[in-house]
Engineer: 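Handing you this structure, nothing more for now.
Remember, it's a predicted structure, so these values are computed and weren't measured experimentally. All residue numbers refer to positions in the sequence shown, counting from 1.
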Amino acid sequence: MVDFDVAIVGGGMIGLATACGLYQQGMKIAIISDNHQLYRELDEHQVEIRASAINYASQKYFQQIGIWNDLLASNRVQPFDSIDVQEVDGFASLNEHSVAYPHSHLGYIIENQLIQNTLYHKLAEQKQVHFFYQKVTDLFFSSDRGFIQLANGNQIAAKLIIAADGANSFIRQQQKIKMFTQPYKHHAIIATVRTEIAHQACAKQIFYPQGIIAFLPLWKSNESCLVWSTNPQNANRLVGLTNDEFNYQLNQIVEHYTGQCELISERYTFPLIARYCVNTVKSRLILIGDAAHTIHPLAGQGANLGFQDSKQLIDLINSHYIEHHDIGLSRYYRYYQLNRHKDTLIMMAAMKGIQDIFNGNNPIKNVTRGVGMNAINRLDCLKKQIIKYAME
């Protein structure tokens, strides 16, 4: 049995970022993942399908854990300076530019694999960080340790276990931690598209009666990450079309805003479900990221919520570790849990409200959302407060 200060289950962006924030204090860290390919070489000419909108708070966190300059050096980080929200067959609109804010950009679109590669590079150089490429088969606790049983028969002990193993978290299920779920009744299709009109560092969202289509600008001037949210039947139909048929369906909705739009990657689809854990903190166990909550990708805040889980948690763990406290005691994390609940619930309520008001083609709802969004667009103080909250 090997003993660690912290064991992190999950080798995705949130888990690796958490490890990056902890090893700097000299802690001995275990990272456990059944994915043997945490690092994957990127094609220098081709963008990745999955990307995240990184806000100012997450960018500051990347600086804190020492990966921001490495990300910039890749020349694959795309700042976005403006947002443009439009409604098809309606008059609701909202737009904003970074010149109205103290930051140079509203955010950054970064490929998930680039973030993961950069984190992995940083951690692979650290002697006190150890990777275990195994499935977790069991988890149990004593008064002063948590114990992780691996599929190969080995066992890991740690003062604190952090579950960052995703929306279908084995740790959460094994510990029978209750999660509230509410399907959004939408599936998301993600892909990479090339648009006739250059994105000009603008993140676009187009609402239409059957769903939402978002374009996240990538590091190539005419390429964007497409996130198309629509009802499950329509999503499955769209994924089953040929590329030409898919392009035709997409252009029927968005050509006015993007020019001719062309699919240049595979398409993936997955159900959108709101998930929320009330009890993310137990003695010697904390759930973070998608293991603790998932939200609609409407405003691109899912990854940012996870990174803020990670940032606030590592700050707390580091402060107690420096004071030689037992970092596994749950009483140290009560305020952390309450604070993360507040941010998560606010974001979940906002995403659900926006989706509901744009869902369908009810005439009364059409007028309400048009008047409401246009009023927000004209009221600079209110608009800035809303966007500032999403940024920070």
Side-chain angles (χ1 to χ4, degrees), residues 2-40 52 54 57-71 110 112-136 139 145-148 150 154 156-166 169-171 280-281 284-292 303-322 327-328 332-333 336 340:
V2 190
D3 206 4
F4 293 90
D5 292 301
V6 177
I8 299 169
V9 181
M13 297 188 297
I14 307 303
L16 295 184
T18 305
C20 267
L22 294 174
Y23 83 79
Q24 298 171 22
Q25 295 297 332
M27 289 184 223
K28 191 176 179 184
I29 310 293
I31 299 171
I32 303 150
S33 172
D34 58 3
N35 178 5
H36 291 253
Q37 199 177 23
L38 297 182
Y39 175 90
R40 177 166 52 78
S52 294
I54 298 302
S58 294
Q59 185 250 331
K60 286 197 299 183
Y61 182 41
F62 290 171
Q63 288 178 321
Q64 176 184 335
I65 61 178
I67 67 165
W68 181 244
N69 288 338
D70 295 330
L71 288 169
I110 311 178
N112 290 5
Q113 191 62 49
L114 174 61
I115 298 173
Q116 187 152 314
N117 284 358
T118 307
L119 289 164
Y120 178 85
H121 265 306
K122 183 73 69 175
L123 292 165
E125 299 169 352
Q126 312 307 321
K127 292 182 179 179
Q128 70 268 40
V129 177
H130 300 262
F131 288 87
F132 296 86
Y133 297 104
Q134 291 287 324
K135 282 189 175 183
V136 176
L139 185 70
R145 290 288 188 280
F147 300 90
I148 298 171
L150 303 180
N154 290 340
I156 291 170
K159 295 174 186 174
L160 177 65
I161 296 170
I162 299 174
D165 53 340
S169 169
F170 171 81
I171 300 299
T280 58
V281 173
R284 310 210 174 272
L285 174 65
I286 298 176
L287 274 60
I288 64 173
D290 285 356
N304 292 311
L305 278 174
F307 285 125
Q308 284 310 296
D309 288 352
S310 177
K311 188 248 186 298
Q312 293 183 26
L313 182 60
I314 65 135
D315 288 348
L316 201 52
I317 294 172
N318 285 337
S319 67
H320 287 294
Y321 183 79
I322 290 168
I327 60 173
Y332 294 140
Y333 305 101
Y336 159 84
R340 299 313 302 140

Engineer: Shortest non-hydrogen contact from N35 to Y133?
Structural biologist: O-CD2, 3.3 Å
Engineer: Hey, could you give me the OG/CG distance between S169 and L287, rounded to the nearest 0.5 Å?
Structural biologist: 5.0 Å
Engineer: To the closest 0.5 Å, what do you measure between CG (L316) and CD1 (I327)?
Structural biologist: 10.5 Å
Engineer: Do any side-chain atoms of residues 3-16 form donor-acceptor pairs under 3.5 angstrom with protein atoms, and if so which ones, sequence neighbours left out?
Structural biologist:
{"unit_1": "D3", "atom_1": "OD1", "unit_2": "R145", "atom_2": "NE", "d": "3.1"}
{"unit_1": "D3", "atom_1": "OD2", "unit_2": "R145", "atom_2": "NE", "d": "3.2"}
{"unit_1": "D3", "atom_1": "OD2", "unit_2": "R145", "atom_2": "NH2", "d": "3.1"}
{"unit_1": "D5", "atom_1": "OD1", "unit_2": "K159", "atom_2": "NZ", "d": "3.4"}
{"unit_1": "D5", "atom_1": "OD2", "unit_2": "K28", "atom_2": "N", "d": "2.8"}

Engineer: Side chains of D309 and L313: closer than 4.5 Å at any heavy-atom pair?
Structural biologist: no
Engineer: Using the test side-chain hydrogen bond (donor to acceptor under 3.5 Å, both in side chains), find all partners of Q113 that sit at least two apart in sequence or belong to another chain.
Structural biologist: R40, N117
Engineer: Name all residues meeting the ring-ring contact (aromatic ring centres under 6.0 Å, His included) criterion together with F62; count only those two or more places apart in sequence or in a different chain, and write none if there are none.
Structural biologist: F307
Engineer: Have a look at L285 and tell me which of I161, I162, T280 forms a side-chain contact (heavy atoms from CB on, under 4.5 Å) with it.
Structural biologist: I161
Engineer: Once side chain to side chain contact (heavy atoms under 4.5 Å, CB included) is applied, do any residues pair with Q134, and if so which ones, sequence neighbours excluded?
Structural biologist: L150, A151, N152
Engineer: Looking at residues at least two apart in the chain, or sitting in another chain, which of them share a side-chain hydrogen bond (donor to acceptor under 3.5 Å, both in side chains) with D290?
Structural biologist: none
Engineer: Going from CD1 on I286 to CG on L160, what distance comes out if it is rounded to the nearest 0.5 angstrom?
Structural biologist: 5.0 Å
Engineer: When you look at T118 and Q116, which way does the side chain to side chain contact (heavy atoms under 4.5 Å, CB included) test go after all the steps?
Structural biologist: CA-CA 5 Å; T118 307; Q116 187 152 314; over 6 Å; no
Engineer: In chain order, what residues pass the side-chain hydrogen bond (donor to acceptor under 3.5 Å, both in side chains) check against S310, with sequence neighbours excluded?
Structural biologist: T18, Y61
Engineer: How long is the gap from CG on L123 to SG on C20, to the nearest 0.5 Å?
Structural biologist: 3.5 Å
Engineer: H121: what forms a ring-ring contact (aromatic ring centres under 6.0 Å, His included) with it, not counting sequence neighbours?
Structural biologist: Y39
Engineer: Any salt bridge (charged side-chain N to carboxylate O under 4.0 Å, His left out) pairs touching residues 113-125, not counting sequence neighbours?
Structural biologist: D70-K122
Engineer: How would you list, by chain and number, every residue that makes a salt bridge (Lys or Arg N to Asp or Glu O under 4.0 Å) with R284, sequence neighbours excluded?
Structural biologist: D326
Engineer: Taking only residues two or more places apart in sequence or in another chain, which ones pass side-chain hydrogen bond (donor to acceptor under 3.5 Å, both in side chains) with Q128?
Structural biologist: none
Engineer: Residues in side chain to side chain contact (heavy atoms under 4.5 Å, CB included) with N318, at least two apart?
Structural biologist: L22, Q25, M27, I314
Engineer: Rounded to the nearest 0.5 Å, what separation is found between the CD atom of Q308 and the NZ atom of K311?
Structural biologist: 7.0 Å
Engineer: Would you say that L38 contacts F131 through its side chain, given a criterion of any heavy-atom pair below 4.5 Å between the two side chains?
Structural biologist: yes
Engineer: Under the ring-ring contact (aromatic ring centres under 6.0 Å, His included) test, which residues partner Y23, sequence neighbours left out?
Structural biologist: none
